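This report concerns only the one structure given below.
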Amino acid sequence: FKKDGSGTMEYVVDMSQIGEMMKAFEDMGDGKGKKGEGLGELDMKDEVAELKKVPGIKKVKVSDKDKFVQKVSFRFADINALNAALNVLMKDSTGAQHTFFTWEGNTLVRKSNGNARDIGMGMGKEDPSDTTDMTEFLASMKYKYSFTFAEPIASTGTAEGVEKESPDARTVKVNTDFSRIANDDKALDLRIELTR
């Protein structure tokens, strides 16, 4: 975030661990299927096309050299443009528009729309007869975010069990796993107060 409220964002979806696991299962098969068939490569083309139409969003770029990792980066003019972009990238299952970020004076407030929680809760629940405990698998899936500001950070408030790291006075890195997210709808909420 710059002082004027504009900034840049990079959104990364990294499914490489799952991809390697799926590839291993494919390699154990009978060899009759086509190579790469059924691996479900990431495809964010629709989201990228939508992002380019959002007012206040510019320089949308996608990096998809690795079929299991996609990075989408863009510039946002202000907090409203950022929220509109996040509604494209992290759609609410109800289709409702969500305000992810707000400024309360010098404090950036983030609230979750439940997208990540829906992903965590949905893992392994497609089949009602499946009683597999997905806790360990969900714990291996990480949700990370990093913020850098023009001004120093005074304090960062997060949910219980969320790890945070401050590599310098203007940056904070936060991470948790999907098992926590699946059990706490406020796991991704945070407050970052800046020194102004």
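In this text, all values refer to a predicted model and were calculated from it rather than measured experimentally. FYI, side chains are in, hydrogens and waters are out, and symmetry mates aren't considered; it's all heavy atoms of this structure.
- Under the 4.5 Å side-chain heavy-atom criterion for ILVMFWY residues, no single connected hydrophobic cluster contains both V109 and L188.
- The heavy-atom pair separating N87 from A96 by the smallest distance is OD1-O, 4.0 Å.
- Between T195 and I153, the shortest heavy-atom distance links the atoms OG1-C, 4.2 Å.
- Considering only heavy atoms from C-beta on, T176 comes within 4.5 Å of I181 through its side chain.
- The closest donor-acceptor contact from the side chain of N83 to the backbone of I79 lies under 3.5 Å.
- Nearest heavy-atom pair across A81 and G56 is CB-O, 3.6 Å.
- No cation-pi contact links R191 to W103, judged by a cut-off of 6.0 Å to the six-membered ring centre and 45° from its axis.
- Note on K52 versus E47: no salt bridge recorded, every NZ/NE/NH1/NH2 to OD/OE distance being 4.0 Å or above.
- The hydrophobic clustering, which links ILVMFWY residues whose side-chain heavy atoms are closer than 4.5 Å, places F101 and F76 together.
- Here the side chains of T107 and L194 are not in contact, with every heavy-atom distance at 4.5 Å or above.
- Nearest heavy atoms, F1 versus L82: CZ-CD2, 3.8 Å.
- From E160, atom CD reaches atom CZ of R180 across 7.5 Å, with rounding to the nearest 0.5 Å.
- Applying side chain to side chain contact (heavy atoms under 4.5 Å, CB included) to R110 and the options V174, L190, I192 leaves one that passes, L190.
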Quick one: side chains of residues 161-173, donor-acceptor pairs under 3.5 Å with protein atoms, not counting sequence neighbours, listed by atom name and distance.
{"residue": "K164", "atom": "NZ", "partner": "T156", "partner atom": "O", "Å": "2.5"}
{"residue": "D168", "atom": "OD1", "partner": "R170", "partner atom": "N", "Å": "2.8"}
{"residue": "D168", "atom": "OD1", "partner": "T171", "partner atom": "N", "Å": "3.0"}
{"residue": "D168", "atom": "OD1", "partner": "T171", "partner atom": "OG1", "Å": "3.1"}
{"residue": "D168", "atom": "OD2", "partner": "T171", "partner atom": "OG1", "Å": "3.3"}
{"residue": "R170", "atom": "NE", "partner": "A150", "partner atom": "O", "Å": "2.7"}
{"residue": "T171", "atom": "OG1", "partner": "T148", "partner atom": "OG1", "Å": "3.2"}

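- A heavy-atom distance below 4.5 Å is found between the side chains of E50 and K91.
- In this structure, E151 CD and K2 NZ are separated by 13.0 Å, a value rounded to the nearest 0.5 Å.
- Between F149 and F147, the ring-plane angle classifies as parallel under the 30° and 60° cut-offs.
- Residues passing the side chain to side chain donor-acceptor pair (under 3.5 Å) test with D46, sequence neighbours excluded: none.
- Few gaps surround NZ on K142; more than 12 heavy atoms of other groups in view lie less than 6.0 Å from it.
- Atom NZ of residue K71 and atom CD of residue E10 lie 5.5 Å apart, to the nearest 0.5 angstrom.
- When all heavy atoms of S6 and A77 are compared, the pair lying nearest together is CB-O, 3.3 Å.
- F100 and Y143 fall within a single hydrophobic cluster, where Ile, Leu, Val, Met, Phe, Trp and Tyr are joined by side-chain heavy atoms under 4.5 Å apart, directly or via other members.
- Side-chain contact check for K58 versus F74: every heavy-atom pair is 4.5 Å or farther apart.
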Taking it one step at a time, do L51 and V72 satisfy side chain to side chain contact (heavy atoms under 4.5 Å, CB included)? CA-CA 10 Å; L51 275 178; V72 177; 3.6 Å; yes

